Number of protein chains: 2
Amino acid sequence: MSTAQDTAGGETEPWEGVTPDAARRLLVAAVEAFAERGYHATTTRDIAGRAGMSPAALYIHYKTKEELLHRISRIGHDRALDILRTAARTEGSATDRLAEAVSSFVRWHAGRRTTARVVQYELDALGPEARAEILALRRQVDGEVRGIIEEGVASGEFDVIDVHGTTLAVLSLCIDVARWFNVDGPRTPDEVGALYADLVLRMVGAAKQAD
Amino acid sequence: MSTAQDTAGGETEPWEGVTPDAARRLLVAAVEAFAERGYHATTTRDIAGRAGMSPAALYIHYKTKEELLHRISRIGHDRALDILRTAARTEGSATDRLAEAVSSFVRWHAGRRTTARVVQYELDALGPEARAEILALRRQVDGEVRGIIEEGVASGEFDVIDVHGTTLAVLSLCIDVARWFNVDGPRTPDEVGALYADLVLRMVGAAKQAD
DNA sequence: GCCGAAGGTGAGCGCTCGCTTAGAGTGCCC
DNA sequence: GGGCACTCTAAGCGAGCGCTCACCTTCGGC
C-alpha cells in the first residue's frame, strides 16, 4: 500500500499501467505537449512526433485528440483524489491530517507539475460529458478536504467561520502551485509542501504543531 | 483620485480610454472570447463578429491577434498594479494595508473575472518580448505585496519566517480567484475579498483586527 | 509455411486558420 | 467640389489543422 510520502519528487507517473507500450508513450508525449503549450496549441503531429511515431499512429490508440486529454485528466484526478484520501485516513488529529493532506497534495502539484498543469488547467477543453465526469471527481476532492476541516472544527482544533469558503481557498492555494512552480527555481517540492502546510494550519486557526 | 473601493463589482473597465471606438469594441470582444475559450481556441473571425465587424476590420486596428492579447495583458496588469499600489499607500498599519490590498485585489479578480482570467492565464501565449515586458510588471506586483509583509514583520505585527514564499502564496491565492470564481455562485466579490483578507492576515500571523 | 490479427506508415482530404488585398463608402480640409 | 485620409468589406491565399484510408510489416498459432 502506498503512503503519501510517495508523492514527493521521485514518484512514478500514474500511467505506468497503461498498455500497450505505444499507447502509454503517446499519453506521456501528450502530457508534455499539453503542459508546455496548452491543449489547443498542441497538434496531433507534435504528440505523435514526441512519441516517435507517425501522425496516423495516434488514431490507432485514441479516437480523437480530446480522448487523450480526457484519459490524462481522468487518471490525474484519480491520482490526486487518492493522495487526499490517503492523507485523510491516516492516524492522528485533524491538524495532523490536514497538514499531511496539504503537504502531499502540494508536493504532487510541484513535483509532477507537467501532469498537474494539464489536469488542473485544461478542463475547459473537454466536451460536456467528459467535463461532467471530471467535475464529479473534483467534488470528491473538495469533500475530502472539507471533511478534515469540519472534523477539526468539531473537535475544537480549528477556528473557522466559513468552512466552504476556507476549503475552496485551501484547494485553490494548492492547485495554483502547478501554475507558478518552477523546477529550476529555488524551492523543492518538499519545501513548498512544508511551507504550505504551515500556512494552511494558520488559515484554519490550528495551534502550532510541535516542531 | 481613485480609492481601492472602486474595484468592487461596479468598476468601469480599464479600457474606457481606448480609442477609436472600433478599436475598443474589438478589445472588449477579444477579452470576452479569450476568457471564454482561451487565446488559442479563439478565432479572429469570432472576435470581429462579436464586435459587429468583418474579419478584416480587426487588422486595421491591430497588427496581429497576439497584439490584441498583448494590449489586454498590458492594460490589465497596469490596473492590477494600480490597485495594489493604492492599497499599499493608504494610511494605517501594515495589517490594515495588507487587508486592504488583498480584499481589493481579490474583488477585482472576482468582479472583473473575464479580464483577470485573460490577464493571469494567457501569459504563455505571448511572444518572448511581450512576455518579458509583462513579467517585469508582475515583479512589481510581487514587490508591492512583499513590501507590506516586510513592513509588518519589521514592526512586529506579522510573524512570518519565509517572506518570499509567503508573498508568493498570498498572490497565488488571490490570482486563482479568477479561475474558480463564478458570477452566478453564492458569493459576491465583496464577500470573497473579505474572507480572503481574513485568511491572509491569519497566514502572516497578524493579530485579529477590530470588528 | 500459411493466415489473420494487431500495429504501423505515407499520402492526402476537407476544412478552418491568421492574415492580405483591391476597392468602396464617408467625412473633413482647402 | 475635388482630393485625401481613414475606415471598412468581400473575396480569397497559403498554410496547417484533425483525421482517414489504402496498404505494408510483424508475429504467434497450427
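A note on names: the letters A, B, ... follow the listed sequences, proteins ahead of strands, and every chain is numbered from 1. Everything quoted here is computed from the prediction, not taken from an experiment.
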Rounded distance (Å) that lies between atom [atom2] of [N] and atom [atom1] of [X]:
| X | N | atom1 | atom2 | answer |
| --- | --- | --- | --- | --- |
| A:Arg45 | C:dC13 | CZ | P | 13 Å |
| B:Glu66 | C:dC19 | CD | P | 9 Å |
| A:Ile60 | D:dT26 | CD1 | C1' | 13 Å |
| B:Tyr39 | C:dC17 | OH | P | 14 Å |
| A:Tyr62 | C:dG8 | OH | C1' | 16 Å |
| A:Tyr59 | D:dC21 | OH | C1' | 14 Å |
| A:His61 | C:dG8 | NE2 | P | 4 Å |
| B:Leu58 | C:dG18 | CG | C1' | 10 Å |

*Just compare C:dC19, D:dT9, C:dT9 and give me whichever is closest to any side-chain atom of B:Lys65.*
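In terms of side-chain proximity for B:Lys65, the closest of C:dC19, D:dT9, C:dT9 is C:dC19.
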*Where the side chain of A:Thr64 is concerned, which of D:dC19, D:dC8, D:dT7 is the nearest nucleotide?*
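Given the options D:dC19, D:dC8, D:dT7, the side chain of A:Thr64 is closest to D:dC19.
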*Do NZ/NE/NH1/NH2 and the carboxylate oxygens of B:Asp142 and B:Arg139 come within less than 4.0 Å?*
no
*Under 4.0 Å between a Lys/Arg side-chain N and an Asp/Glu carboxylate O for A:Asp82 and A:Arg85?*
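No, this pair does not count.
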*asked:* In the structure I gave you, are the side-chain heavy atoms of B:Leu123 and B:Tyr39 within less than 4.5 Å of one another anywhere?
replied: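 B:Leu123 does not reach B:Tyr39 side chain to side chain.
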*With a non-hydrogen cut-off below 4.0 angstrom, is B:Thr43 in contact with a base, only sugar-phosphate, or nothing?*
sugar-phosphate
_Option from A:Thr42, A:Asp46, A:Thr43 for which side-chain hydrogen bond (donor to acceptor under 3.5 Å, both in side chains) with A:Arg37 holds_ =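 It is A:Asp46, the one option of A:Thr42, A:Asp46, A:Thr43 that forms the side-chain hydrogen bond (donor to acceptor under 3.5 Å, both in side chains) with A:Arg37.
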*Can you check whether A:Thr44 has a side-chain N or O nearer than 4.0 Å to OP1 or OP2 of D:dG18?*
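So the side chain of A:Thr44 is within the cut-off, an N or O lying under 4.0 Å from OP1 or OP2 of D:dG18.
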